[in-house]
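Structure, as structure tokens:
All values below were derived from every heavy atom in this structure, side-chain atoms included, with hydrogens, water molecules and symmetry-related copies excluded. Here is the naming used below: chain letters follow the sequence lines, and residue numbers restart at 1 for every chain.
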Amino acid sequence: MSPNNNKGAFYVTTPIYYVNDKPHVGHAYTTIAADVLARFKRLDGYDVKFLTGTDEHGQKVAKAAADKGIEPQALCDANSQNFRDLAKTLGISNDDFIRTTEERHIKACQALWKRLEDNGSITLGKYAGWYAVRDEAFYDEGELTKGPNGEKLAPSGAPVEWVEEESYFFPLKEWQERLLKFYDENPDFIGPKSRFNEIYSFVKGGLQDISISRTAFSWGVPVPGNPKHVMYVWIDALTNYITALGYPDESGEMAKFWPEQNPVALHLVGKDIIRFHCVYWPAFLMAAKLPLPKRVFAHGWWTVEGQKMSKSLGNAIDPTALVEKYGLDQLRFFLMREIPFGNDGDFSEAAIAGRINSELANALGNLAQRVLSFIAKNGGGKIPVSHSTSDAAYLIADADLIHKSHELLDHCREHIKRQTYGEVLEAIFELVRAANAYVDIQAPWALKKTNPDRMETVLWTLLETIRHIAIIIQPFTPSAAEKLLDQLAVPSHERTFFYIEDPKEFASPHQLKSGTTLPTPTGVFPRYGDPKAAAGKGA
RNA sequence: GGCGGGAUAGCUCAGCUGGCUAGAGCACGGGAAUCAUAAUCCUGGGGUCGGGGGUUCAAGUCCCUCUCCCGCUACCA
């Protein structure tokens, strides 16, 4: 708890993951990105709620369970646990984990449904289309091909038949203009910008009403008053974001994290599901006369060694194996650092090894080690004294580095606002490089003989810089940052951003106190690939 | 086909409303230093800024055109 922990509410969510999926690096990516955001905002004094969970309904789950000869709920229980385990493996700081088969969620969905119905936004009609039993999917007329006997075939080659079933509809078309107006008024609703443009032109191109119930299967949330129907995926899945806030109770967390004025909710999603989050979801909410989230950010996909990840190739990577191989902090860092958030990127051994060694080990890890071990050997193992000086060259050099440290937080905040994680880390490493350059230029090992006071000042300045870096990098590499702060003897309650919220003046009120005894330094970011480092990869 | 976004040093990319000799990181060459995780620092290489044309005193930066690449073009989680 820092003294400034009252900057307001912040709500961040991952998508709920489909229980039929095996957790892979894509899931890890979204979840880590959300976690970094949650940690950053907490450290910055916000009241944060961070939600993740699993999506458990649908025909595929029912079928998978039937194939195994177990109840769908049993399958969900087992598979949902995989995602909980993943969160644990990744050091995720989520405040809640929602499952769509939970009672609270079923209640919330039904309440939302009734509200839509009361507002005249649900109508009963017929859903008709070409259905391929083998694929369990409907296809458009245009997607179909003709078989050798003139019969219609799905793109997969499966035969299709014309199927009509009773279905409830949501009049999405009616919301087209209001959605466009909303986008116009909230240009930051969707990130990155390219996705905003996509959604905008999609909506502008004309919307069709959507089917929101099914009768072909029963593994879903029953439609109130007509249990023959279950709600169809998106109305079920999207509602999770407000279920977790206690909806239909609109006081409490709903009021706090889902307000009409100054919305605070941010949905992180993969680019495959932006339409549901940026078109359907706002339309549902508007129709229900509920507030909207603040922003939806769609990230890209990872390829692996240049190859697309796919079930058929079987090259999806198990995040747990990555954590074991590279270390958790290293994996988190790499995923956030390697590509601009929103772009696609490639996960390769060479790339992650390069990042770990050149940035974490050589630049940052070595900076800390060279300074701390120098102090341990030459500074009595205590935080040195920053001596005043009248030498202009010294003043400028010191002030420059301290000034850069003081500016870092604001720069990072700006980037976090737009989820440009790579820029946050770039800003941090600019300071790391500046600090390394400062060590070389000031050369404390030479000052040891010629000017011990100056040596102390230089070391103090470096420690204070490292303190800033360690505090601000916590969201990305939590456990290494913790070790580093331990080595700087920073009390555990003085590690929030409040303590690097610096004034314009040279001296920060929370700067390191001279004379404090420091523990024996040990490396926090070992090089990857060094035989010596093999034991310490967890950093 | 339509709409949108790209094509800049070996690699990954920055370059807002046009303006000094086009930048960063990584990789590579040279030098310095030796506190440190054989880490660090300095420095260099000179890339037709996809091709062509145009506007302008001045264009990666605006206009036209050509080539190539990517995304979206719905009810699939």
Expected rows: protein N/O vs nucleotides 26-35 of chain B N/O, under 3.5 Å:
unit_1: B/rC35; atom_1: O2'; unit_2: A/Arg370; atom_2: O; d: 3.3
unit_1: B/rC35; atom_1: O2; unit_2: A/Arg370; atom_2: NE; d: 3.2
unit_1: B/rC35; atom_1: N3; unit_2: A/Arg370; atom_2: NE; d: 3.3
unit_1: B/rC35; atom_1: N3; unit_2: A/Arg370; atom_2: NH2; d: 2.6
unit_1: B/rC35; atom_1: N4; unit_2: A/Arg370; atom_2: NH2; d: 3.0

As a test of your reading of the structure, name each stem of RNA chain B as range with range, where a stem is three or more consecutive Watson-Crick or G-U pairs at under 3.5 Å. B:1-7 with B:67-73, B:10-13 with B:23-26, B:28-32 with B:40-44, B:50-54 with B:62-66
Indicate whether the side chain of A/Ser211 and that of A/Ser167 have a donor and an acceptor atom separated by less than 3.5 Å. yes
Considering only atom C1', compute the distance from B/rA9 to B/rG45 and round it to an integer number of Å. 9 Å
Which part of the nucleic acid, if any, lies within reach of A/Ala361 when heavy atoms closer than 4.0 Å are counted: base, sugar-phosphate only, or nothing? base
Gap in Å between the two C1' atoms, one belonging to B/rG60 and one to B/rU17, rounded: 16 Å
Over how many whole Å does the gap from A/Leu462 atom CG to B/rC41 atom C1' extend? 14 Å
B/rU56 to B/rG23 separation - P atoms, rounded to the nearest Å: 28 Å
Please name all residues satisfying salt bridge (Lys or Arg N to Asp or Glu O under 4.0 Å) with A/Glu456, sequence neighbours left out, ordered by chain then number. none
Heavy atoms under 4.0 Å, any strand shown: does A/Gly422 hit a base, just sugar-phosphate, or nothing? nothing
Could you give the distance separating B/rU37 and B/rU43 at their P atoms, to the nearest angstrom? 26 Å
So, applying ring-ring contact (aromatic ring centres under 6.0 Å, His included) with A/Phe334, which one of A/Tyr528, A/Trp302, A/Tyr326 is it? A/Trp302
Parallel, tilted or perpendicular: which fits the ring planes of A/Tyr183 and A/Phe189, with parallel below 30° and perpendicular above 60°? parallel
Decide, for B/rG60, between syn and anti: a glycosidic angle within 90° of 0 counts as syn, anything else as anti. syn
Could you give the CG-to-P distance, from A/Asp344 to B/rC72, as a whole number of Å? 10 Å
P atoms of B/rC3 and B/rU8, separation to the nearest Å: 25 Å
Selected nucleotide, minimal atom distance to A/Tyr232 side chain, candidates B/rC75, B/rA77, B/rU73: B/rA77
Side-chain contact check for A/Glu426: nearest option of B/rA74, B/rA24, B/rC72 is B/rA24
Using a strict cut-off of less than 4.0 Å between a Lys/Arg side-chain nitrogen and an Asp/Glu carboxylate oxygen, indicate whether A/Arg418 and A/Asp188 qualify as a salt bridge. no
Using a heavy-atom cut-off of 4.0 Å across all strands, would you classify A/Phe202 as base, sugar-phosphate, or nothing? base
Please evaluate the base of B/rA39 for a donor-acceptor partner in the side chain of A/Asn362 within a cut-off of under 3.5 Å? no
If each of A/Asn357 and A/Asn197 is mapped to the nucleotide of RNA chain B with the nearest heavy atom, which maps nearer the 5' terminus, i.e. the 5' end? A/Asn197
A/Lys404 and A/Glu407 ion-paired at < 4.0 Å: no
Which value, in whole Å, describes the distance between the P atoms of nucleotides B/rU61 and B/rG50? 8 Å
By nearest nucleotide on RNA chain B, pick out whichever of A/Ala363 and A/Phe276 is the more 5' one. A/Ala363
